[in-house]
Amino acid sequence: MTELSTAISPPVAGTTTSAVSIRGVTKRFPGGKGAEPVVAVDALDLEIEDGEFFSLLGPSGCGKTTTLRMIGGFEYPTAGSIQIFGEEVGLLPPNKRPVNTVFQSYALFPHMTVAQNIAFGLEMQDVAAAEIKERVGNVIELVQLEGRENRKPKQLSGGQQQRVALARALVNRPKVLLLDEPLGALDLKLRQAMQLELKEMQERVGITFIYVTHDQEEALTMSDRLAVMDHGELLQVGAPETIYDKPRTRFVADFIGDTNLLTATVIDGRAVRLSDGSAIRVENDRPVGSTVTVAVRPEKLGLRRVESDRDLTLDAIDGHVERVTFLGNALAYEVTADAGDPRATLRIRQGNAPGVEHFGVGDAVRVRWAPGSATVLED
Amino acid sequence: MATTLEPPTGEAAPPSAAPSQLGLERDAERAESRRGFLIGLPSLLYLVLFFAIPLGIVFVYSFGNRSRTGRTILGDWTLSSYERLFSSLVMQITGRSLGYAILTTVVCLLVGYPFAYYLATRPPKVRGILLVLVMIPFWSNLLVRTYAWRVILGSDGPLVQVLGAVGFTDVRLLFTPFATILGLIYGFLPFMILPLYASIERLDFSLVEAARDLYASGWEAFRRVTWPLSRPGVIAGSILVFIPSFGAYVIPEILGGSRTTMLGSYVVLQFLSARDQPFGAALSMAILAVMLASALLYFRSGAKDVG
């Protein structure tokens, strides 16, 4: 495999310039008759570093695919600049850009064999026949499709077609590989296997991957960094841990994973008061007395029986269990606070590990917040 | 099934249940095929009555003899009509028909492909309107439409006058090969456009994007992806234009002259003027054979790469 990684290595990588640099990019599509134009991407700024596995995440219609298509050259930006390793490409056609795409439905040429599909890009670049043969052979080995060179795409399984699509792009040694929900058509088991494989392959070849998905779990698993988009706007960019643990807005907190959103009043820079009167420690920079939304993940909350009032009500809410759902590896609780108007409802998730106490509906419980588990949202 | 529905009569547990089940299954299948036959019966009758029997008559007549008065004598079978097919006149007319049909097919393809492509890439609403425009000519008689060309191309028609005004005097358009081929193209172009449209419309345009992504220029993407994938339409359209052009009668009759006689007219001539039914029948059989052969050849050449 070592000679493969040199066979498919990124072109000379600039150390200072970003792999892809998107500055002030807007894309408007003409609306219907007399209708307002549709803004698919709105003044987007994004820097994607060399060698990164970068994901664009968001619900359908959020502009992530349009952004990818503008990098690939299938759409031209209405305004702004797109640079790939410092070279302006905004208005270049796809065949003049040092990027390749893995399409959502693979878009394999049905009238060509696996080998012909993979060789297509090299033939178009007038690479010598001997070199084409060698590079196609190498990449077929890389995606483990040996022996299937002469099959037509229709004769392959979904997972194999996916590999052909990947091979067809990688064989050209693009500076950046664009992937448009490439695993969307696969079933869950295969998808999870391909996620790991893709990530491994990206590390091996060292090419910058830009990956579009609406699947938050996929984005969290695979990415070095990810960008959450909605309505053509960039909401947050960061490492998966940052996005998950410190979401900046309500939408990001809600879109990624499960979350509790609670209304609170700022006590000082280090604590807020919830509606039931309990004080929760959370770092913030809001004015004292202002109303804010606090987000906390269900698995970061602990559940205890109320035995004594030995522990103070700091970082704790007393309430009653409203509902219990057994999930196999975990238990999901819904707890309603004993005080406050309206009474807050909290979702708590506890791992089904030995020694963890289980509670039933109606039990009086105390919800404990680990310090630093909550975050104050901007909106 | 009937046996199992009967009330259980103690020890009369049927070992025959399995075989009778099989028999019933066979009955059901037979009933199924009978139904299929009944549904197909009207069209079958129609084909036998108006296609197979007349064709049989023509086939039989082609081996007949012509009496001096022009009556056809059956019974005294001969191959002489088929021998006459190789006369220089018939060869000349056949060659001309073949040439006109090929030219018509090629021009229809050259004109029809870009139009079908344009059609297939329009938004659905525009597409609907354009499709109707393509099909409108079908709603009026070919004869009438062809006579319209006679007016347009006539010696005092608008085209000749315009040509005269810019200095080309003494131009004759009507009754020339040009008029005949123009008429054929005009008449059969929709038969080229519609199958082309159907196959281009089915094309997954992300394949073209993939080709462009893989460094193909617009032209290369067309040559390597769009064209081969639209071949079924090209083949179907070409057959649909070539076959009726080769045997055309109405159009060359109205727009052509004596020097542009095509096979269709020549067949009619045998039946109506020369009163030589055996020769006319033999000509018809020969035309049929050429058409069949060309269709088979074309289908086979296409079947190789498609799918």
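Any value given below was found using the heavy atoms of this structure, including those in side chains, with hydrogens, waters and symmetry copies removed. Just so we're on the same page: letters track the sequence lines, and every chain starts at 1.
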Exercise for review: Please report the closest heavy-atom contact between B:D213 and A:V99, naming both atoms and the distance.
Suggested key: OD1-O, 3.8 Å

Review point. Looking at A:S105 and B:D204, what are the two nearest heavy atoms and their distance?
Key: OG-OD2, 4.5 Å

Practice item. Tabulate, in ascending numerical order, the residues of residues 118-130 of chain A having at least one heavy atom closer than 4.5 Å to a heavy atom of chain B, or enter 'none'. Key: A:F120, A:G121, A:E123, A:M124, A:Q125

Practice item. Check whether A:L108 gets within reach of chain B through its side chain, its backbone, both or neither, counting any heavy atom under 4.5 Å. Key: backbone

Exercise for review: Check whether more than 12 heavy atoms from other residues, nucleotides or ligands sit under 6.0 Å from atom CD of B:E32, and answer yes or no.
Suggested key: no

Exercise for review: Working to the nearest 0.5 Å, report the span between NE2 of A:H111 and CG of B:L229.
Suggested key: 4.5 Å

Study note, to complete from the structure: Applying a strict 4.5 Å limit to non-hydrogen atoms, the region of B:A211 in contact with chain A is both

Review point. What part of A:R97 gets closer than 4.5 Å to chain B, counting heavy atoms only: side chain, backbone, both or neither?
Key: backbone

Review point. So does B:R127 have more than 12 non-hydrogen atoms from other groups sitting under 6.0 Å from CZ?
Key: yes

Check your understanding: Within a reach of under 6.0 Å around CZ of B:F205, are more than 12 heavy atoms found that belong to other residues, nucleotides or ligands?
Key -> yes

**Study point:** Rounded distance [0.5 Å steps], OG1 in A:T101 versus CZ in B:R212
**Key:** 12.5 Å

Point to revise | Contacting region of A:F109 [heavy-atom separation from chain B under 4.5 Å] | key: both

Exercise for review: Inspect the surroundings of CD in A:E36 and state if more than 12 heavy atoms from other residues, nucleotides or ligands are less than 6.0 Å away.
Suggested key: no

